[in-house]
Amino acid sequence: MSDCAAAPQQTLAGSTVGALVASGAQWLAASGVSFGHGTTNAYDEAAWLVLWRLGLPLDSDLSDAALGQQPVAQAQREQVAALFAERIRTRKPAAYLTREAWLQGLAFYVDERAIVPRSLIAELLADGSVDDFLGAHTRRVLDLCTGNGSLAVLAAIAWPEVAVTGADISPDALAVARINVERHGLQERIELQCADGLRALPGPWDLILCNPPYVDAAAMAALPAEYRAEPALALAGGADGMDFIRQLLAHAPACMGEDALLILEIGNGRAAFEAAFARLPVHWLDTSAGPDQVLLITRQGLAFAE
């Protein structure tokens with residue numbers, strides 16, 4: 001189906017919040033849209049679209065005893081239906097339509113200049129999973145490939161004593177990141193810098209967070225339209241998905257303090273990573289997607305990649 005495929009001859013049914021969500025979920029499922037930009041299924045995405053369009057909290061209770069039976073006026077029902085039709089017609093992620101994405105309970109502005117934030121590293125920052133690996137020396141944190149700045153914001157909130165730099169090769173993405181830094185009142189804590197990898201970021205850094213482009217060429221060619229609506233620069237990692245990561249690991253040791261750490265997200269690329277860096281000692285971190293998508297490497301360990 002093309003990016004601008006016509007929506008099926010279907011619309012929303014019902015006149016209550018709950019009925020609109022149920023009908024919207026059926027419409028999304030029947031239309032074959034893809035998820036993964038904040039939701040994983042048709043019902044959750046339908047709830048997001050309905051609640052956002054109606055100006056209701058996204059964590060509202062949709063049971064019949066709560067909000068589910070609340071009536072919706074005809075004019076509002078038409079607005080909700082138009083939003084669903086746009087989601088289906090354009091195949092854009094819902095976050096691009098609402099201009100908002102949520103990560104670990106925080107709202108972030110997003111538009112087509114940056115990918116929709118969904119990094120698993122966010123979980124590790126929010127739940128303290130990496131705190132035991134840090135120490136009093138951890139003062140300078142770099143969020144490389146910052147995109148819309150969400151990881152930089154979460155790092156600054158998690159560790160009030162650190163200085164955070166968010167860096168990206170895309171000036172457009174950094175413009176979006178600046179909106180989020182200001183939205184969360186962190187202008188004094190987070191510096192944003194345009195940089196191609198680590199070349200203009202000598203550090204020394206005590207902690208580098210990186211959710212880089214790691215999608216391999218075969219997977220890029222098969223991406224659903226929702227993912228192709230995002231900047232390819234932030235996704236495409238070359239033939240095996242490791243192009244950016246090879247450069248990162250080659251330059252990182254010279255930019256890191258003696259006790260520094262690198263936390264790297266690689267998605268489903270563990271096999272390719274281990275084939276490319278067979279001698280590299282890494283520590284795999286548990287996330288909601290499993291124990292093989294985010295890894296930690298020490299500065300000493302990176303010596304094996306030099």
Side-chain angles (χ1 to χ4, degrees), residues 3 34-37 40 93 114-124 130 142-148 150-151 167-170 172-173 194-201 205 207-256 260-306:
D3 292 1
S34 293
F35 308 107
H37 293 88
T40 59
I115 63 172
V116 178
R118 52 188 179 272
S119 174
L120 294 167
I121 295 174
E123 299 177 7
L124 307 175
V130 300
L142 172 65
D143 174 25
L144 187 60
C145 305
T146 194
N148 84 328
S150 53
L151 290 184
D168 203 286
I169 191 175
S170 168
D172 284 342
C194 190
D196 181 3
L198 289 170
R199 290 183 178 86
L201 302 165
W205 305 105
L207 173 64
I208 299 175
L209 309 172
C210 188
N211 180 26
Y214 54 68
V215 182
D216 65 43
M220 283 294 297
L223 284 178
E226 283 82 355
Y227 291 86
R228 286 186 279 115
E230 298 182 292
L233 181 67
L235 298 173
D240 65 351
M242 296 292 117
D243 282 4
F244 183 94
I245 294 171
R246 285 188 178 88
Q247 296 183 35
L248 170 65
L249 298 188
H251 292 107
C255 302
M256 298 170 71
L261 304 171
L262 167 65
I263 295 178
L264 177 67
E265 184 163 341
I266 60 168
N268 295 317
R270 180 168 181 170
F273 180 88
E274 291 181 336
F277 308 104
R279 298 176 58 241
L280 197 63
V282 305
H283 178 81
W284 295 94
L285 301 170
D286 282 319
T287 70
S288 61
D292 57 359
Q293 302 215 4
V294 178
L295 56 93
L296 180 150
I297 316 173
T298 66
R299 167 63 183 83
Q300 290 80 7
L302 280 169
F304 290 91
E306 295 182 38

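Note that these values count all heavy atoms, side chains included, but never hydrogens, waters or copies made by symmetry.
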Separation between [atom1] of [X] and [atom2] of [Y], rounded to the nearest 0.5 Å:
X: Arg199; Y: Asp196; atom1: CZ; atom2: CG; value: 5.0 Å
X: Met242; Y: Gln247; atom1: CE; atom2: CD; value: 13.0 Å
X: Leu264; Y: Ile208; atom1: CG; atom2: CD1; value: 10.0 Å
X: Leu249; Y: Phe244; atom1: CG; atom2: CZ; value: 10.0 Å
X: Leu235; Y: Asp216; atom1: CG; atom2: CG; value: 12.0 Å
X: Asp286; Y: Leu120; atom1: CG; atom2: CG; value: 11.5 Å

May I have the step-by-step check of side chain to side chain contact (heavy atoms under 4.5 Å, CB included) for Met220 and Tyr227, ending in yes or no? CA-CA 9 Å; Met220 283 294 297; Tyr227 291 86; over 6 Å; no
Any side-chain heavy atom of [X] within less than 4.5 Å of one from [Y]?
X: Leu124; Y: Leu285; value: yes
X: Ile263; Y: Val130; value: yes
X: Leu296; Y: Leu262; value: no
X: Leu151; Y: Thr146; value: no
X: Leu201; Y: Cys255; value: no
X: Phe273; Y: Leu295; value: yes
X: Ile121; Y: Val294; value: yes
X: Ile115; Y: Pro231; value: yes

Can you name the nearest heavy-atom pair linking [X] to [Y], along with the distance?
X: Pro93; Y: Glu226; result: CG-O, 3.4 Å
X: Cys145; Y: Asn211; result: CB-O, 3.7 Å
X: Gly147; Y: Ala114; result: C-CB, 4.2 Å
X: Pro281; Y: Gly301; result: CD-O, 3.6 Å
X: Trp205; Y: Ala260; result: O-CB, 3.1 Å
X: Val116; Y: Glu230; result: N-OE2, 2.8 Å

Can Thr287 and Gln293 be counted as having a side-chain donor-acceptor contact under 3.5 angstrom?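 No.
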### Message
Can you see whether Asn148 engages Ser150 through a side-chain donor-acceptor pair at a distance of less than 3.5 angstrom?
### Response
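Distance-only check passes for Asn148 and Ser150.
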Problem set entry | Intermediate values then yes/no, side chain to side chain contact (heavy atoms under 4.5 Å, CB included), Leu144 and Leu198 | CA-CA 8 Å; Leu144 187 60; Leu198 289 170; 4.1 Å; yes
Should Glu265 and Arg118 count as an ion pair when the cut-off is N to O under 4.0 Å?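 No, this pair does not count.
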Practice item. Output every pair passing salt bridge (Lys or Arg N to Asp or Glu O under 4.0 Å) with a member in residues 246-255, not counting sequence neighbours, ordered by first then second residue. Key: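 Applying salt bridge (Lys or Arg N to Asp or Glu O under 4.0 Å) to every pair that reaches into residues 246-255, excluding sequence neighbours, yields Asp240-Arg246, Asp243-Arg246.
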Does Arg270 qualify as a cation-pi partner of Trp284, given the criterion of NZ or CZ under 6.0 Å from the six-membered ring centre and within 45 degrees of its axis?
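That pair qualifies as a cation-pi contact.
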